[in-house]
Number of protein chains: 2
Amino acid sequence: MRAAAKSSAAKPRRRVSRAPAPKPYHHGDLRRVLIDAALQLVGEGGAETVSVREAARRAGVSPGAPFRHFPSRDALMQAVSEEAQRRFRAEIEAALAAAPGDPLGRFRCLGLAYLRWAMRNPTHFEIISSRRLFDHDKAAGISSDNAELIELSERTLAEALAAGQLRTVDLKQVQIAGRALVYGFARMNIDGHFPRWGVDAAEAEQAAEAILDLFIEGIAKRT
Amino acid sequence: MRAAAKSSAAKPRRRVSRAPAPKPYHHGDLRRVLIDAALQLVGEGGAETVSVREAARRAGVSPGAPFRHFPSRDALMQAVSEEAQRRFRAEIEAALAAAPGDPLGRFRCLGLAYLRWAMRNPTHFEIISSRRLFDHDKAAGISSDNAELIELSERTLAEALAAGQLRTVDLKQVQIAGRALVYGFARMNIDGHFPRWGVDAAEAEQAAEAILDLFIEGIAKRT
DNA sequence: TTGTGAATGTAAGCACCGATTACACGGATT
DNA sequence: AATCCGTGTAATCGGTGCTTACATTCACAA
């Protein structure tokens with residue numbers, strides 16, 4: 001690519017807050033900009049094509065600068081993952097709050113919001129999905145990630161059981177199976193198992209809804 | 001990519017039958033050895049930590065030699081993927097052939113064999129799972145991969161439907177849901193979503209069987 | 001206002017990586 | 001026996017993660 005070739009172009013050293021200097025030595029909010037750049041890079045070529053140098057390049061900063069904010073590439077990716085998880089959880093909770101109803105219906109809303117977000121934001125979902133790459137140290141620690149979401153789904157399922165809407169009592173199994181279903185569908189989508197749906201997102205979302213309904217009918221008490 | 005751990009892998013050479021030639025110029029079966037080395041590397045540090053150089057190092061060969069057999073790293077990984085897929089399909093078909101019974105029971109055997117193989121060979125399964133990395137060109141082409149397996153599961157499901165064992169008639173939905181379920185479970189396992197099961201494989205397999213049964217009961221005609 | 005230390009950037013460099021090119025070896029064909 | 005060509009080596013290039021040394025700026029205090 002191109003060398004930086006920063007034209008120094010000796011500028012007047014106005015430090016008055018009135019006019020913004022064209023090249024301030026300090027970036028201002030490099031950390032945030034790096035995370036955004038990395039997020040964009042994931043969207044362009046997958047998670048493993050993200051390079052710290054390219055992120056720095058897009059931030060208009062030297063290759064070593066990012067290491068002032070992240071001790072390693074993995075740390076940067078972890079920050080990206082946390083950002084993605086934050087958005088994910090926010091959207092799920094919003095969708096669940098906005099759609100009340102019977103417990104099983106709310107469980108369906110939960111799964112649907114999960115699937116929709118995963119299909120519409122494959123970039124973010126890909127980052128979230130693999131703990132082995134980004135959260136390997138945090139996995140046994142704080143667990144402030146989507147454990148909250150897991151608990152939310154468990155609570156909703158418990159309500160459904162209390163309301164007599166389920167045909168089985170093993171909530172843990174149902175919860176894991178539901179997670180595996182939506183996770184598997186979303187992963188298959190971004191892993192390219194549905195090449196035909198790459199061009200028709202609506203069809204993919206329809207299929208997602210259909211298999212979710214199939215699962216829910218499977219766990220619901222038969223009429 | 002990141003630096004890989006060093007490892008001395010001076011392999012004893014034996015190719016000449018007459019005298020102990022210390023260094024035969026030609027390796028003999030480098031292609032196979034490279035695939036095996038790459039497979040081993042995936043098992044040690046994940047798919048993206050595999051480097052052509054390290055594979056060459058373990059094969060006792062110069063860094064440029066692998067490129068005589070594979071035009072690129074991705075080509076090597078694709079060969080590894082094909083090898084893994086071959087073993088996968090062989091085991092599934094063997095398990096299915098050895099366990100006859102009613103169609104739905106055979107479908108269960110299919111899913112169980114899938115899950116078991118995925119849990120016991122996470123290395124291979126990880127390679128198989130992501131088409132975007134390894135099969136991007138082949139995806140629309142020959143499709144000699146596990147499309148055969150998909151068809152096999154569809155056929156088994158159709159038999160189950162014909163035998164009146166299913167409560168729904170939309171086979172495509174059932175098939176996709178089943179695939180998403182087992183794929184999601186296997187992926188969650190290797191992606192580290194079940195850290196507790198990292199030490200107890202038996203428990204993981206029990207859980208896998210349980211969610212599979214949950215799903216099958218969900219699609220079965222109620223007695 | 002003026003030091004002064006901590007933050008945060010740059011510059012240079014290391015080792016490793018994928019990939020290419022020129023060259024060396026040797027088994028197989030004729 | 002001479003030759004061809006598949007297969008290995010050696011050298012090299014640009015890119016990458018990461019470290020170290022140095023430069024600049026900001027924030028806070030005397």
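In what follows, chains are A, B, ... by sequence order, proteins preceding strands, each numbered from 1. In this text, all values refer to a predicted model and were calculated from it rather than measured experimentally.
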Between atom [atom1] in [X] and atom [atom2] in [N], what is the gap in whole Å?
{"X": "Phe70(B)", "N": "dC17(C)", "atom1": "CZ", "atom2": "P", "result": "18 Å"}
{"X": "Leu76(B)", "N": "dG18(C)", "atom1": "CG", "atom2": "P", "result": "9 Å"}
{"X": "Leu30(B)", "N": "dT7(D)", "atom1": "CG", "atom2": "C1'", "result": "9 Å"}
{"X": "Leu41(B)", "N": "dG18(C)", "atom1": "CG", "atom2": "P", "result": "10 Å"}
{"X": "Phe67(A)", "N": "dG13(C)", "atom1": "CZ", "atom2": "P", "result": "18 Å"}
{"X": "Leu34(B)", "N": "dA19(C)", "atom1": "CG", "atom2": "P", "result": "14 Å"}
{"X": "Asp29(A)", "N": "dT8(C)", "atom1": "CG", "atom2": "P", "result": "10 Å"}
{"X": "Arg32(B)", "N": "dT7(D)", "atom1": "CZ", "atom2": "P", "result": "15 Å"}

* Residue pairs passing the ring pair (Phe, Tyr, Trp, His ring centres under 6.0 Å) test where at least one lies in residues 59-80 of chain A, sequence neighbours excluded ->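 Matches after skipping sequence neighbours: none remain.
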
Kindly point out which of [options] is positioned nearest to the side chain of [X]?
{"X": "Val52(B)", "options": "dC18(D), dT9(D), dG18(C)", "result": "dG18(C)"}
{"X": "Arg53(A)", "options": "dT16(D), dT10(C), dG18(C)", "result": "dT16(D)"}
{"X": "Arg73(B)", "options": "dT10(C), dG18(C), dC18(D)", "result": "dG18(C)"}

* Asked: Do any side-chain nitrogens or oxygens of Arg57(A) fall under 4.0 Å of OP1 or OP2 in dT16(D)?
  ->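 So the side chain of Arg57(A) is within the cut-off, an N or O lying under 4.0 Å from OP1 or OP2 of dT16(D).
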
* Counting only N and O atoms by type, is there a donor-acceptor contact under 3.5 Å from the side chain of Asp191(B) to the main-chain atoms of His193(B)? ->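 A pair under 3.5 Å: no.
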
* Check for a donor-acceptor pair, side chain of Ser81(A) on one end and backbone N or O of Met77(A) on the other, with a separation under 3.5 Å. =>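 Here the side-chain-to-backbone pair does not exist.
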
* To do: Report the residue (Pro63(A) or Pro71(B)) whose heavy-atom-nearest nucleotide on DNA chain C is the more 5′ of the two.
  =>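 Taking each residue's closest nucleotide, the earlier one in sequence belongs to Pro63(A).
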
* When we call it a touch if two heavy atoms are under 4.0 Å apart, what does Ser51(A) touch: a base, just sugar-phosphate, or nothing? ->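 Sugar-phosphate, no base atom in range.
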
* To do: Tell me, with the steps shown, if Glu154(A) and Lys172(A) meet salt bridge (Lys or Arg N to Asp or Glu O under 4.0 Å).
  => CA-CA 8 Å; Glu154(A) 281 174 346; Lys172(A) 197 62 191 168; 2.9 Å; yes

* **Results of side-chain contact (heavy atoms from CB on, under 4.5 Å) for Ala210(B) - residues two or more places apart only** =>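 Listed in chain order: Gln173(A).
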
